[in-house]
Amino acid sequence: MIRHSALFATAALAALVSSGTAQAVVTVFPQASLTPSTDYYTNRIGGGLGTSIVTTGGGNAANVGALDGRNDDGFQGPIDLTTFGFSPGFTFFGGPGTSLFLNNNGNVSFGAGISAFTPTGPQGASAPIISPFFADVDTRNVASGVVYYRNSAPGEFIATWDQVGYFGSHADLLNSFQLVLRDPSVYTIPVGEGAIGFFWKTMGWETGDASGGSGGFGGTPGAVGFGNGSSDGVILEGSTLAGIAAVVQNHNTWFDQDLRPICGVPGAPPCPTPEPESLPLLAIALLGLVGVYSRGRFARSKR
């Protein structure tokens with residue numbers, strides 16, 4: 001069930017939970033939520049990209065523990081967000097969010113690292129996930145950049161996939177994108193910004209070879225948005241469809257903690273008008289109260 005809307009409502013969640021409805025709910029936020037830009041958030045605040053990840057897991061055993069951050073399908077974590085000044089009560093999708101896994105394949109997750117390289121379902125993950133661009137990132141080619149993370153103030157975590165290549169070991173085309181995650185109870189969020197930010201610069205590819213792609217395109221392209229690990233999601237219009245890299249290139253967008261795109265304030269795009277029939281389904285941001293982590297469906301190998 002897919003509805004196009006940028007609004008959410010707690011009352012709808014209560015209705016779904018009390019009725020025992022098990023049908024997946026996917027909310028699509030419009031491309032009009034994106035704001036043109038050509039830089040990272042870190043370019044605006046200074047201080048650089050931070051520390052490159054050291055992969056501690058993933059589907060490619062040969063790359064586990066790569067000290068230079070180069071890997072395919074690896075991840076680092078759990079990363080304790082309280083060491084970045086997040087409050088112990090910080091949550092995401094209604095579940096504990098005090099630690100996360102930074103995954104090479106363009107996302108962060110809660111409760112488990114994700115080595116999956118092809119998104120499936122609404123957001124393609126077996127755990128709650130935030131995906132600025134979930135696709136088959138491969139940084140083993142020395143011409144590829146790597147993944148970094150840092151914080152600039154208490155209650156803020158920043159992850160950057162800077163000029164990264166795609167599977168298998170290609171670096172002829174590169175993607176550059178960044179995630180900003182904030183705890184609103186600690187970090188004072190400026191007007192026009194939000195608790196979660198996606199920033200995209202040059203986006204040269206959208207599919208790895210093992211996801212049905214050739215030359216960086218075709219097959220199953222990247223996913224942009226959020227998932228709760230239980231088939232519910234909040235995704236960008238055009239996610240996993242051909243052309244998604246061009247849609248997000250040189251744009252940014254902010255969300256509040258309920259995953260509503262920031263709009264209608266200075267420096268942000270105008271709020272789109274929701275479709276009337278979508279209003280009963282606007283509570284997706286809290287559906288993660290059902291914490292189901294089904295890892296098995298992502299066990300397939302590239303090799």
Side-chain angles (χ1 to χ4, degrees), residues 38-40 42-43 48-76 101-109 113-119 124-125 129 131-150 158-179 198-224 239-251 298 300-303:
T38 58
D39 60 359
Y40 287 142
T42 48
N43 293 130
L49 300 180
T51 303
S52 62
I53 66 170
V54 176
T55 57
T56 58
N60 189 333
N63 295 300
V64 174
L67 295 177
D68 62 358
R70 298 195 178 280
N71 74 99
D72 175 47
D73 303 335
F75 53 77
Q76 180 172 335
F101 291 79
L102 178 51
N103 305 310
N104 199 64
N105 287 333
N107 58 78
V108 301
S109 55
I114 295 175
S115 59
F117 49 87
T118 303
I129 188 172
S131 301
F133 201 80
F134 180 4
D136 199 356
V137 174
D138 187 341
T139 61
R140 293 174 295 174
N141 190 312
V142 295
S144 167
V146 294
V147 183
Y148 302 86
Y149 69 101
R150 60 164 283 198
I158 304 168
T160 308
W161 291 258
D162 188 52
Q163 302 184 74
V164 294
Y166 61 101
F167 186 80
S169 297
H170 299 301
D172 56 320
L173 302 172
L174 301 172
N175 282 351
S176 295
F177 53 97
Q178 187 170 77
L179 164 68
F198 293 168
F199 285 73
W200 303 274
K201 294 171 63 176
T202 300
M203 300 291 289
W205 62 271
E206 55 192 28
T207 316
D209 294 355
S211 302
S214 177
F217 296 90
T220 303
V224 177
S239 184
T240 69
L241 299 178
I244 187 62
V247 167
V248 298
Q249 177 170 265
N250 291 330
H251 285 85
F298 296 99
R300 63 191 183 89
S301 172
K302 295 176 179 175
R303 307 295 179 251

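None of the values given here were measured: they were computed from a predicted structure.
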| message | Could you measure the distance from the CG atom of Asp138 to the CG atom of Asn104? Nearest 0.5 Å is fine. | response | 7.5 Å

| note | Scanning both residues in full, the closest heavy-atom pair of Pro119 with Pro221 reads CG-O, 3.8 Å

| remark: Contacts of Phe198 meeting ring pair (Phe, Tyr, Trp, His ring centres under 6.0 Å) (sequence neighbours excluded), chain-then-number -> Trp200, Phe226, Phe255

| task | State whether the side chain of Asp72 and the backbone N or O of Gly168 hold a donor-acceptor pair below 3.5 Å, judged by distance alone. | result | no

| request: Compare every heavy atom of Leu173 with every heavy atom of Trp205, then report the nearest pair and how far apart it is. | output: CD1-O, 3.5 Å

| said: Is it the case that the side chain of Arg150 and the backbone of Gly48 share a donor-acceptor pair, with hydrogens and angles ignored and the cut-off at 3.5 Å? | reply: yes

| message | Given 3.5 Å as the limit, does a donor-acceptor pair link the side chain of Thr55 with the main chain of Ala66, or not? | response | yes

| Ser211 and its side-chain hydrogen bond (donor to acceptor under 3.5 Å, both in side chains) partner, picked from Asp136, Thr220, Thr118 | Thr118

| task | Please name all residues satisfying side-chain hydrogen bond (donor to acceptor under 3.5 Å, both in side chains) with Gln178, sequence neighbours left out, ordered by chain then number. | result | Thr42, Thr160

| said: Which residues pass the side-chain hydrogen bond (donor to acceptor under 3.5 Å, both in side chains) test with Asp162, not counting sequence neighbours? | reply: Tyr40

| field | Glu206 side chain vs Ile244 backbone, donor-acceptor pair below 3.5 Å | value | yes

| request: Answer yes or no: is there a donor N or O on one side and an acceptor on the other, between the side chain of Ser144 and the main chain of Val164, under 3.5 Å? | output: no

| request: Look at the side chain of Arg140 and the backbone N and O of Arg70, then say whether any donor-acceptor pair between them is shorter than 3.5 Å. | output: no

| request: Scan side-chain atoms only and decide if Asp73 and Asn105 contain a donor-acceptor pair under the 3.5 Å cut-off. | output: yes

| message | Could you work out, with salt bridge (charged side-chain N to carboxylate O under 4.0 Å, His left out) as the rule, every residue matching Asp39, not counting sequence neighbours? | response | Arg44

| task | Show your reasoning for whether side chain to side chain donor-acceptor pair (under 3.5 Å) applies to Asn103 and Ser109. | result | CA-CA 7 Å; Asn103 305 310; Ser109 55; 3.0 Å; yes

| query | Which residues satisfy the ring pair (Phe, Tyr, Trp, His ring centres under 6.0 Å) test with His170, sequence neighbours excluded? | reply | Tyr166

| note | Looking only at heavy atoms, the pair that brings Leu179 and Pro132 closest together is CB-CG, 4.0 Å

| Residues in ring pair (Phe, Tyr, Trp, His ring centres under 6.0 Å) with Phe217, at least two apart? | none

| Looking at CG of Leu174 and OG1 of Thr202, how far apart are the two atoms once the value is rounded to the nearest 0.5 Å? | 9.0 Å

| remark: So CH2 of Trp161 and CD1 of Ile53: to nearest 0.5 Å the spacing works out to 8.5 Å

| task | Check for a donor-acceptor pair, side chain of Asn141 on one end and backbone N or O of Ser169 on the other, with a separation under 3.5 Å. | result | yes

| remark: Scanning both residues in full, the closest heavy-atom pair of Ala143 with Ala171 reads CB-CB, 3.7 Å

| said: Can you give me the closest heavy-atom contact between Gln249 and Lys201, atom names plus distance? | reply: CG-O, 3.3 Å

| message | Would Ile158 and Tyr149 count as a side chain to side chain contact (heavy atoms under 4.5 Å, CB included) here? Give the steps. | response | CA-CA 5 Å; Ile158 304 168; Tyr149 69 101; over 6 Å; no

| query | Taking atom CG of Asn107 and atom CD1 of Ile114, what is their separation to the nearest 0.5 Å? | reply | 5.0 Å

| query | Is the shortest heavy-atom distance from the side chain of Val224 to the side chain of Phe134 under 4.5 Å? | reply | no

| Sub-3.5 Å donor-acceptor pair from the side chain of Asn175 to the main-chain atoms of Gly204, do we have one? | yes

| field | Exercise: identify the closest heavy-atom pair between Gly222 and Ala135 | value | CA-CB, 3.9 Å

| field | Any donor-acceptor pair under 3.5 Å from Gln76 side chain to Thr56 backbone | value | no

